Amino acid sequence: MTHDESPTARALLLLEMVQSSPGITAQRLAGRLGVSERAARRYVGILREAGIPIESERGPYGGYRMGRGLRLPPLMFTPAEALGLVMAVLDGHHNTGDPADPVGGALGKIMRVLPEAVAGPAAAVRSLSTRHPEPGARTPDPETTAVLAQACAANRRLRLGYRIRPGDERVMEVDPWAVVVRRGRWYLLCWSHTKNARRVLRVDKVADVEVLDVPAVPPADLDPAEMLEDHLSAGWRHEVEVVVDAPAEAAAEWIPRSLGRLEPIDATSTRLVGSTDEPDWYVRQLTAIRAPFRIVGSRELREAAEALGRRLLQAGA
């Protein structure tokens with residue numbers, strides 16, 4: 001803590017310390033501000049005169065803490081705290097960009113008073129969308145996520161340190177296209193110059209990120225959500241083909257895009273084409289289909305369906 005801050009700056013710093021350390025003593029406040037205990041108490045008085053409810057308790061376990069008043073006191077956030085707050089709201093709420101929504105409106109008010117250095121990354125992260133999280137989904141580092149989102153918006157190439165698995169980290173250069181949140185998992189859609197191929201990377205596996213002064217232009221017809229679902233539904237070990245006795249519009253209501261691609265056969269039937277590494281899991285997802293269907297492709301998928309059917313029959317018996 002430097003000693004040349006103005007009284008106003010010291011008062012605001014004191015407010016931040018009281019908010020982040022409830023019960024902090026005048027001695028600790030004075031030491032961190034670089035002033036006497038008497039001066040620290042004077043700054044507390046200045047905040048109280050401004051209507052900020054700071055309470056004090058005497059005794060060995062006493063100190064200063066925020067009280068509850070008629071007005072919300074100024075809130076002090078570090079960049080990491082602000083970005084973490086935005087990401088937490090995204091993980092749990094759909095309408096973060098809607099000012100008419102109570103959560104979206106509250107988040108907008110917070111962001112309007114953030115410093116530009118914090119508000120810019122937070123706004124880039126806020127522009128994303130999310131759905132209900134999957135079990136085991138991990139929220140990535142807020143600052144890393146903000147850098148990725150801003151690089152996508154600014155069309156700048158990145159050099160990444162990426163953890164393939166524990167103990168195996170690789171460096172790659174990518175053109176970032178979009179950051180997408182799907183069921184609590186955060187993904188970076190990009191073109192890898194290292195592999196000369198399109199890639200979908202897990203943001204929580206990005207260990208290091210460096211923004212390069214090289215332009216990166218995304219495809220003109222890029223649909224980030226569609227691209228992510230295409231990636232998640234293709235390239236797995238067991239090929240899947242299922243025929244559903246329902247029109248494609250109805251089948252789309254029951255079958256998420258991540259299971260595969262729907263192809264109309266005629267006005268009353270639809271083909272589902274995809275792939276999976278987990279036949280047991282895939283079959284459980286097919287039980288949401290509210291029409292007769294037949295598993296045409298993948299012996300493993302048919303065996304998984306028969307095993308699930310026997311379990312259900314036994315449960316009913």
Side-chain angles (χ1 to χ4, degrees), residues 1-90 92-93 96-127 139 141-151 153-154 209 211:
M1 183 70 64
T2 61
H3 291 234
D4 57 353
E5 284 98 348
S6 68
T8 301
R10 284 200 177 102
L12 291 175
L13 289 170
L14 183 143
L15 173 60
E16 180 179 359
M17 287 185 282
V18 172
Q19 287 178 333
S20 60
S21 303
I24 189 169
T25 64
Q27 182 181 18
R28 288 179 57 200
L29 288 171
R32 294 175 64 179
L33 288 172
V35 299
S36 66
E37 289 186 36
R38 180 178 179 182
R41 294 190 183 94
R42 186 166 64 250
Y43 293 132
V44 171
I46 291 173
L47 293 174
R48 285 171 172 168
E49 289 176 1
I52 298 174
I54 297 182
E55 298 176 348
S56 59
E57 296 181 8
R58 296 182 179 277
Y61 302 104
Y64 295 104
R65 67 186 68 247
M66 295 302 302
R68 298 187 180 274
L70 297 177
R71 294 185 301 166
L72 183 68
L75 297 176
M76 311 294 288
F77 294 107
T78 66
E81 288 171 342
L83 293 170
L85 175 63
V86 173
M87 292 175 68
V89 174
L90 278 175
H93 200 77
T96 58
D98 182 1
D101 179 82
V103 174
L107 189 59
K109 290 179 181 180
I110 291 174
M111 292 181 62
R112 281 193 291 273
V113 299
L114 293 176
E116 179 56 35
V118 181
V125 172
R126 189 193 185 194
S127 65
T139 300
D141 176 69
E143 295 182 3
T144 298
T145 307
V147 173
L148 297 179
Q150 284 192 302
V209 55
V211 181

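Quantities reported herein were computed from a predicted structural model and do not represent experimental measurements.
Here the closest non-hydrogen pair linking L14 and A40 is CD1-O, 3.6 Å. Among all heavy-atom pairs drawn from M66 and Q19, the shortest one is CG-CG, 3.8 Å. The shortest heavy-atom contact between S56 and R48 is OG-NH2, 3.4 Å.
Side-chain contact between V35 and R42 is absent, with no heavy atoms from C-beta onward closer than 4.5 Å. Residues M17 and R28 have side chains not in contact (no heavy-atom distance under 4.5 Å, counting atoms from C-beta outward). The closest side-chain heavy-atom distance from Y43 to L33 is below 4.5 Å. V211 places none of its side-chain heavy atoms less than 4.5 Å from the side chain of Q150.
For Q27, the side chain to side chain contact (heavy atoms under 4.5 Å, CB included) partners at least two apart in sequence or on another chain are T25, E37.
Separating the CD1 atom in I46 from the CG atom in L15 is a distance of 12.5 Å, to the nearest 0.5 Å.
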